Amino acid sequence: MASLATRSQQALRSVSRRASQIAARVSTSPAQTATYSLLARTAVASAPRQPTVQNVRGIKTLDFAGTKEVVYERADWPLAKLQDYFKNDTLALIGYGSQGHGQGLNARDNGLNVIVGVRKDGESWRQAQEDGWVPGETLFPIEEAINRGTIIMNLLSDAAQSQTWPTVAPLITKGKTLYFSHGFSVVYKEDTKVIPPKDVDVILVAPKGSGRTVRTLFKEGRGINSSVAVFQDVTGKAMEKAVALGVGVGSGYMYETTFQKEVYSDLYGERGVLMGGIQGMFLAQYKVLRANGHSPSEAFNETVEEATQSLFPLIGAKGMDYMYNACSTTARRGALDWAPIFEKANAPIFEQLYESVKNGTETRKSLEFNGRSTYRTDLAKELKEIDDQEIWRAGKTVRSLRPDYKPE
Ligand SMILES: NC(=O)C1=CN([C@@H]2O[C@H](COP(=O)(O)OP(=O)(O)OC[C@H]3O[C@@H](n4cnc5c(N)ncnc54)[C@H](OP(=O)(O)O)[C@@H]3O)[C@@H](O)[C@H]2O)C=CC1
Ligand SMILES: CC[C@](O)(C(C)=O)C(=O)O
Ligand SMILES: [Mg+2]
Ligand SMILES: [Mg+2]
């Protein structure tokens with residue numbers, strides 16, 4: 001356990017050293033060196049254009065395209081300091097879905113005292129045991145885990161947070177800390193009825209990525225970007241605690257926000273470009289290719305495989321213009337012409353989506369659907385329908401030809 005964390009620290013130090021070497025080649029001022037170090041450790045491969053670091057220790061105010069924002073970093077929380085900070089705490093992680101898995105295992109590997117609370121004999125109980133949580137020692141029914149914990153990390157599904165609140169709320173006693181990974185429950189309180197007790201700190205660490213990625217990035221010695229926020233600060237230490245927990249669960253950099261901004265942007269993004277939007281775009285493009293006589297493999301390769309295996313990673317590494325420059329002048333000309341057309345066509349849909357998030361429509365739909373006792377099978381049925389679509393069946397064969405293919 002400790003060795004993994006030590007390896008993480010070593011990896012960070014090595015990237016920092018590399019960053020200093022790069023900085024030495026391209027600049028001479030200490031501020032620039034610090035800037036390069038910070039960005040390199042975020043694994044941004046390209047040289048920054050002109051970011052500015054206001055403070056080089058502790059909180060950093062960085063210039064994001066002309067707007068100054070606060071960022072916290074893992075480097076300020078070496079493992080020994082982190083473990084000392086939480087030496088008297090028990091992190092009671094309630095719920096063991098994607099985030100419970102990622103955050104729980106990372107915090108455990110960081111040497112923190114973590115227990116898991118889920119309903120007994122459900123799917124999560126089984127999965128938690130598979131990951132080495134032991135009934136009666138580190139795995140408990142929800143209420144018992146909350147009673148044993150000092151920091152209550154509510155990682156139940158957002159619908160379940162609302163459903164269980166009447167039994168959970170009285171257990172969140174003075175001195176405990178209430179932690180969420182989404183602003184959902186407290187922001188939409190009219191619908192969820194989640195109103196935290198007045199005498200506890202209420203904080204948020206929302207990893208900006210799947211719990212699976214929270215885990216893999218941690219194991220690679222990197223860290224996920226997370227949003228951090230404070231809803232209620234009783235002790236005066238709420239933000240510090242949020243940042244320390246963010247590090248504990250595997251964040252590399254933490255961006256300050258509010259509960260409301262986090263939940264609005266998150267619900268919007270996942271329904272938009274991150275999931276719903278991209279799924280719709282892929283399918284629409286694929287169907288037109290098929291309707292015009294292209295084979296399934298050609299339609300899939302030109303729509304999904306090239307996007308995920310070649311072009312999107314280029315955007316991720318060094319930005320949109322870098323991806324453009326890596327493509328033919330023919331492609332560049334055409335894509336530059338069509339981008340504004342897509343933007344114009346999509347803008348009203350994004351406006352409609354944001355409004356639906358803001359007025360609580362998305363929240364109410366989620367509470368109703370995911371609050372059903374059949375939520376797992378109902379979701380699985382719809383996902384099976386996607387899996388059965390020709391585009392994704394074709395994709396399986398395309399992926400099976402990859403040299404590193406492992407049966408799915
Ligand atoms: N998934 C992700 O990567 C991200 C999630 N988040 C946020 O993190 C939180 C957790 O999300 P995620 O990890 O995806 O978990 P899920 O939304 O998949 O929720 C799963 C957990 O909720 C439990 N649960 C569901 N219904 C009930 C119920 N009625 N009573 C008791 N337990 C129930 C499940 O237990 P059981 O197996 O017994 O049904 C399981 O442990 C949410 O606030 C989410 O918005 C934030 C960032 C990314
Ligand atoms: C994009 C989906 C997400 O918001 C996430 C992985 O960040 C979620 O709720 O799972
Ligand atoms: Mg989300
Ligand atoms: Mg998200």
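Both backbone and side-chain heavy atoms feed into the values below; hydrogens, waters and symmetry mates do not. Atoms within each ligand, like the ligands themselves, are counted from 1 in listed order. Every value quoted in this text rests on a predicted model; they were computed, and no experiment measured them.
For the residue pair N113 / T90, a side-chain donor-acceptor distance below 3.5 Å is found, with atom types taken as modelled. Under 3.5 Å, the side chains of S226 and K208 contain no donor-acceptor pair of N or O atoms.
Ring geometry, Y96 versus H101: the interplanar angle exceeds 60°, so the pair is classed perpendicular (tilted spans 30 to 60°).
At least one N/O/S atom of D266, whether from backbone or side chain, sits less than 2.8 Å from the Mg ion (ligand 4).
In this structure, atom 10 (O) of ligand 2 has no protein heavy-atom contact shorter than 4.0 Å.
The protein heavy atom nearest to atom 7 (O) of ligand 2 is G209 N, 3.8 Å.
Side chain of S181 to backbone of A206: no donor-acceptor contact under 3.5 angstrom is found. D266 places no side-chain N or O within 3.5 Å of a backbone atom of E262 that could act as its donor or acceptor partner.
Within E270, the N, O or S atom lying nearest to the Mg ion (ligand 3) carries the name OE1.
Looking at M275 against ligand 2, only its side chain comes within 4.0 Å, counting heavy atoms.
Taking the six-membered ring wherever Trp is involved, the centroid distance between the rings of W77 and Y72 does not fall below 6.0 Å.
Residue E270 has at least one nitrogen or oxygen atom sitting less than 3.5 Å from a nitrogen or oxygen atom of ligand 2, judged on distance alone. Looking at S210 next to ligand 2, no N or O pair under 3.5 Å apart turns up.
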